[in-house]
Amino acid sequence: MKTVITLLICIAMATCSNTKRGASSDGKVVNSNDPVFCADSLVGNELISLYPFMLYDKPDGNITYSCDYENGYICIAGEIKDDWIRLDYILINLDKLTFPFYRWTKWRNNDSIMFKVIGEGFPFISPYDENAIYEFPVYSQEYPQYPGGEEAIEQFLKKEAQKRYPPTARQMGVQGRVMVSFVVEKDGTMSDFRIQNSVNDEIDEAAIECIKNLPKRWKPARTKLEFDTAERTVRCKVKLPVSFRIE
């Protein structure tokens with residue numbers, strides 16, 4: 001009988017990883033099997049702090065900031081490691097961002113649950129997302145650069161468009177300007193080609209082929225984000241027009 005009871009207890013504990021009892025914001029004791037207190041349910045969601053907490057540069061690392069208000073910090077949870085949670089965004093008083101971002105803290109402290117889920121996380125770019133695609137102003141320092149600049153691109157695409165002009169479209173007098181977006185990868189190659197402004201299927205396909213055949217690699221985007229100590233190379237979205245004119 002004792003063995004059966006022990007087994008049932010183990011099964012119950014396994015229903016939610018890393019769970020304990022905790023206090024809700026109104027002071028009531030809450031069973032941690034409630035989904036809002038389950039560690040796995042925190043990741044990617046919007047949380048509110050129930051108690052003051054400390055921020056660390058890494059689990060068991062150095063303290064970087066003291067969040068000393070109760071029931072006041074809105075956070076987005078990025079990752080769980082045992083009792084530690086990575087906070088990817090912190091907001092206080094609904095309009096003032098705290099510093100620093102992207103730090104670690106305890107999601108539970110002894111028997112106290114430190115955070116409660118209050119909604120779904122909103123979209124933002126996390127520094128831990130190596131596949132994030134950034135967008136920068138065209139003439140900014142961060143924007144990807146092509147060898148020879150705009151002039152080299154325009155000259156190549158003008159010749160390439162004439163070379164790849166679909167015969168049927170030429171015969172029917174179809175002309176137009178196609179806007180193509182794509183991603184400049186960290187190694188300067190291009191991927192994820194999409195039509196932003198269409199003429200027709202034939203010309204759209206020709207426009208993508210023109211850009212795919214740009215002979216040189218791009219110099220990829222580099223930026224220094226708020227949480228960085230040095231610049232990093234990132235993926236970046238680029239748009240280029242390809243004009244098809246009958247000459």
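Nothing fancy with the numbering, it's 1 onward along the sequence.
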Option passing ring-ring contact (aromatic ring centres under 6.0 Å, His included) with Phe53 (candidates Trp104, Trp107, Phe115): Phe115
Test item: Asp83 side-chain N/O and Lys106 main-chain N/O as donor-acceptor pair under 3.5 Å: no
Over all atoms of both residues, closest heavy-atom pair of Tyr56 and Gly61: CD2-O, 3.5 Å
Under 3.5 Å donor-acceptor, Asp187 side chain and Thr189 backbone: yes
Distance in Å, Lys186 NZ paired with Arg222 CZ, rounded so as to fall on 0.5 Å steps: 11.0 Å
From Met54 atom CE to Arg103 atom CZ, the distance as rounded to the nearest 0.5 Å: 13.0 Å
Crowding at CG, Asp201 (>12 non-hydrogen neighbours, <6.0 Å): no
Note, Val178 side chain near Asn197 side chain (heavy atom, < 4.5 Å): no
Closest heavy-atom pair and its distance - Leu157, Pro241: CD1-O, 3.7 Å
Sequence-distant partners of Pro137, side chain to side chain contact (heavy atoms under 4.5 Å, CB included), two or more places apart: Ser140
Sole residue of Asn213, Ile203, Val242 in side-chain contact (heavy atoms from CB on, under 4.5 Å) with Arg164: Asn213
With Gln162 via side chain to side chain contact (heavy atoms under 4.5 Å, CB included) - residues at least two apart: Tyr165, Arg170, Glu247
Atom pair CZ (Arg108) and CD1 (Ile80), whose distance is rounded to the nearest 0.5 Å: 10.0 Å
Check: Ser191 and Arg235 side chains under 4.5 Å, non-hydrogen atoms: yes
For the student: nearest non-hydrogen atoms of Ala207 and Phe244, plus distance: N-CZ, 3.7 Å
Pair Arg194, Ser181: side-chain N/O donor-acceptor within cut-off below 3.5 Å: no
Donor-acceptor under 3.5 Å (Glu79 side chain, Ala77 main chain): no
Considering all heavy atoms, the nearest Pro215-Tyr146 contact: CD-OH, 3.2 Å
Check: Gln175 side chain, Ile246 main-chain N or O, donor-acceptor pair, under 3.5 Å: yes
Pairs flagged by ring pair (Phe, Tyr, Trp, His ring centres under 6.0 Å) wherever residues 189-216 is involved - sequence neighbours left out: Phe182-Phe193
Min side-chain heavy-atom separation Met114-Ile85 under 4.5 Å: no
Spacing of CD1 belonging to Ile76 relative to CG belonging to Leu87, to within rounding of 0.5 Å: 9.5 Å
Spacing of Met172 atom CE and Asn200 atom CG [to the nearest 0.5 Å]: 8.5 Å
Given Val184, Val183, Val138, Ile211, the one that forms side-chain contact (heavy atoms from CB on, under 4.5 Å) with Val238: Val184
Heavy-atom closest pair, residues Arg177 and Ser243: CG-OG, 3.7 Å
Same apolar cluster (I L V M F W Y, side chains within < 4.5 Å links), Tyr139/Met179: no
Side chain to side chain, Ile74 and Ile118, heavy atoms closer than 4.5 Å: yes
Residue pair Leu214 / Leu240, side-chain heavy-atom distance below 4.5 Å: yes
No-hydrogen, no-angle side-chain donor-acceptor test under 3.5 Å, Asp204 and Ser198: yes
Thr223 side-chain N/O to Glu142 backbone N/O, donor-acceptor pair under 3.5 Å: no
